[in-house]
Amino acid sequence: MEYHDGELSVALNTFKKQHFDTEDIVFHAQEMTHPQSAHSDLYMRFLDSDFRHAFYQDFEVFLKRSKISIVACVIMKSKYFANYGLEAKDSYLLSFDNLVNRLVFDLSDNQKECIVAESRNSVLDNQLEIAYLAARVEGTNKVQPAEIKLKLDSAIQFRQKSDNIAGLQIADMVASPIARHYLNKPERAGHQLSYDSVFSKVRNINGRWENIGITILPRK
C-alpha cells in the first residue's frame, strides 16, 4: 500500500500529464476502445491512431518499470457451467477466492495489507463482502482463516471508479489482454496493451506461473 499510494501513483500521474496534460483523467479500457461514448472528451484523442500507438507503447514501458505483480483468475464460463450446472458458484465470487489465496501466499507473516475492490453496486458489493467475511471465518480451499486474519485487513475497501485509484485503473487495463488471450481472440495492436507486456508482470515462482499468477478454471 505504501508503494501504491506513493511511487506508483506519482508515476501514473506523471504519465497522465505527459499524454493528457492533466492528472484528472481516470483510465478505463472501455472508454479508450470506444471514445465516442466516453464520459470525458479527453478520450477523443484515442481516435487518432498515432496517439493510440504512442500511448500504449509508453504505457507498456510504465508497466515494465513498475514494481507490481499481476494475479488473474480466468474462468471458462461455458465449460464451468456445463460441469457444475445449478451447483456452479457465481464466477465473480469463485475468482475472488483464488485471488485471496494468491495474495495471502505472496505476503510474509510480518506484512498486513488490504483488498481494494472497485464498487459495482450495493447488492454485488454486499455479496463480495459476505464472501470475504466467510473466508475470514472458514478459510478458503487453500488458506486457513487464521492466516487470512494475520495478513489481510478485516474489511474490503470499496472505491468508485471516479476515485482515481492507480491500482484499479491498472487492473482494468490488463484484464482485457488476458481475457482475449485465453479466448483465442487476436490482439488489437494500438487498441490495448499487448499480452506479452502484461504477462511479463504476472506473479511467478522460478518462471512457473500457472496456478501461481494465472489460475484457469475449471482445471483440465
Taking distance alone, no hydrogens or angles, what donor-acceptor pairs closer than 3.5 Å link side-chain atoms of residues 59-70 to residues at least two apart or in another chain?
from	atom 1	to	atom 2	distance (Å)
Glu60	OE2	Ser194	N	2.8
Glu60	OE2	Ser194	OG	3.2
Ser66	OG	Leu63	O	2.6

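Taking the ring centroids of Tyr43 and Phe27, they lie at or beyond the 6.0 Å cut-off.
A heavy-atom distance below 4.5 Å is not found between the side chains of Ile25 and His19. Side-chain contact between Met173 and Gln192 is absent, with no heavy-atom pair separated by less than 4.5 Å.
With hydrogens and angles disregarded, no donor-acceptor distance shorter than 3.5 Å links the side chain of His34 to the backbone of Gln30. At least one donor-acceptor pair closer than 3.5 Å links the side chain of Thr14 to the backbone N or O of Val10. Judged by distance alone, with hydrogens and angles left aside, the side-chain atoms of Asn13 form no donor-acceptor pair with the main-chain N or O of Ala166 at under 3.5 Å. Side chain of Arg52 to backbone of Phe46: a donor-acceptor contact under 3.5 angstrom is found. Judged by distance alone, with hydrogens and angles left aside, the side-chain atoms of Asp163 form no donor-acceptor pair with the main-chain N or O of Arg159 at under 3.5 Å. Side-chain atoms of Arg45 never come within 3.5 Å of backbone atoms of Phe51 as a donor-acceptor pair (strictly under, hydrogens ignored).
Aromatic ring pairs are classed by plane angle as parallel below 30°, tilted from 30° to 60° and perpendicular above 60°; the pair Phe96 and Tyr132 is perpendicular.
When only modelled atom types and interatomic distance are considered, Gln169 and His28 share no side-chain donor-acceptor pair under 3.5 Å. Gln18 and Asp58 are not linked by any side-chain donor-acceptor pair at a separation below 3.5 angstrom, with hydrogens and angles left out of the test. No hydrogens or angles considered: a donor-acceptor pair under 3.5 Å links the side chains of Ser108 and Gln111.
Taking CZ of Arg136 as the start and CG of Leu152 as the end, the distance is 7.5 Å to the nearest 0.5 Å. Distance check, rounded to the nearest 0.5 Å: NE2 of His39 to CG of Leu42 gives 13.5 Å.
In plain terms, the two heavy atoms of Lys161 and Asp172 that are nearest each other are NZ-OD1, 3.9 Å.
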(message) Applying side-chain contact (heavy atoms from CB on, under 4.5 Å) to Arg120 and Phe158, what does each step give before you reach the verdict?
(response) CA-CA 9 Å; Arg120 296 180 294 164; Phe158 288 97; over 6 Å; no

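For the ring pair (Phe, Tyr, Trp, His ring centres under 6.0 Å) condition, the pairs that include at least one residue of residues 164-191, sequence neighbours left out, are His181-Tyr195. Sorted by first and then second residue, the side-chain hydrogen bond (donor to acceptor under 3.5 Å, both in side chains) pairs with a member in residues 138-150 read Asn101-Thr140, Asn101-Asn141, Glu147-Lys151; sequence neighbours excluded.
For CG of Asp41, the number of neighbouring non-hydrogen atoms (other residues, nucleotides, ligands) closer than 6.0 Å is 12 at most. No more than 12 heavy atoms of other residues, nucleotides or ligands sit less than 6.0 Å from atom CD of Glu2.
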